[in-house]
Amino acid sequence: MASSGDFTAQSTWSKATSWGESEGNIYSTYAGGWVKDLAADGYCAQVVIKWYGTGKKDTDYSPETCPKGNKDDFSKKPGESTHWTDCPAPTLLRPEATALGAA
């Protein structure tokens, strides 16, 4: 497992499709990684992370990464508490890039 300072990652992820890819680590208090756009198709690549705590939920999104070839790093923390766990693996999304002027 990967480590960051005094923290050891609880799990890692690696997702790839024809249009985007992402890799990262999940720690007890945050998730961090990168997302990259692989296709010149007018869409971006983005990661969504769903956190679950005692009776609580939180959702975080990485930056929308586009156009093709762009890669963005991110680090996200859930809510105000440290008693959160991440979903089994973050999801790689494909939002439209027109709002960012990349279409």
Side-chain angles (χ1 to χ4, degrees):
M1 287 194 185
S3 65
S4 175
D6 295 330
F7 299 100
T8 299
Q10 294 176 324
S11 64
T12 61
W13 78 85
S14 179
K15 303 281 185 181
T17 67
S18 62
W19 47 266
E21 65 182 333
S22 178
E23 288 185 4
N25 298 305
I26 300 167
Y27 301 88
S28 61
T29 58
Y30 74 97
W34 55 266
V35 60
K36 183 176 183 178
D37 188 349
L38 297 178
D41 57 5
Y43 292 90
C44 299
Q46 183 177 41
V47 172
V48 63
I49 302 167
K50 296 187 182 210
W51 300 92
Y52 300 96
T54 308
K56 299 178 184 178
K57 288 191 222 178
D58 186 31
T59 302
D60 287 314
Y61 296 88
S62 73
E64 290 184 355
T65 302
C66 49
K68 181 181 178 179
N70 278 10
K71 179 179 173 181
D72 286 315
D73 294 324
F74 63 89
S75 179
K76 297 293 181 176
K77 292 183 178 183
E80 299 294 320
S81 175
T82 59
H83 303 289
W84 294 78
T85 57
D86 181 60
C87 63
T91 305
L92 185 59
L93 297 179
R94 192 178 192 192
E96 289 188 52
T98 52
L100 302 175

Apply side chain to side chain contact (heavy atoms under 4.5 Å, CB included) to Thr29 and Lys77, showing your working. CA-CA 6 Å; Thr29 58; Lys77 292 183 178 183; 5.6 Å; no
With sequence neighbours left out, what residues match Ser14 under side chain to side chain donor-acceptor pair (under 3.5 Å)? Glu23
Under the side-chain contact (heavy atoms from CB on, under 4.5 Å) test, residues paired with Asn70 that sit two or more places apart: Thr65, Pro67
Where the side chain of Gln10 meets the backbone of Ile26, is there a donor-acceptor pair that is under 3.5 Å apart? no
Kindly give the heavy-atom pair with the smallest separation between Trp51 and Tyr30, and that separation in Å. CH2-C, 3.5 Å
Minimal heavy-atom distance between Gly20 and Ala45, with the atoms involved, is CA-CB, 4.3 Å
Using side-chain contact (heavy atoms from CB on, under 4.5 Å) as the criterion, list what pairs up with Thr59, not counting sequence neighbours. Val48, Lys50, Tyr61
Contact check, side chains of Trp34 and Asp73, non-hydrogen atoms, under 4.5 Å: yes
What's the separation between atom CG in Asp37 and atom CD in Gln46, rounded to the nearest 0.5 Å? 11.5 Å
Reported OG-to-NZ distance for the pair Ser62 and Lys76, which is rounded to 0.5 angstrom: 7.5 Å
Candidate pair Cys66 and Tyr43, rule side chain to side chain contact (heavy atoms under 4.5 Å, CB included), full reasoning: CA-CA 7 Å; Cys66 49; Tyr43 292 90; over 6 Å; no
What heavy-atom pair brings Cys44 and Glu64 nearest, and what distance separates the two atoms? CB-CB, 4.0 Å
Taking the side chain as everything from C-beta on, heavy atoms only, tell me whether Phe74 gets closer than 4.5 Å to Ile49. yes
Partner set under side-chain contact (heavy atoms from CB on, under 4.5 Å) for Lys68, not counting sequence neighbours: Ala40
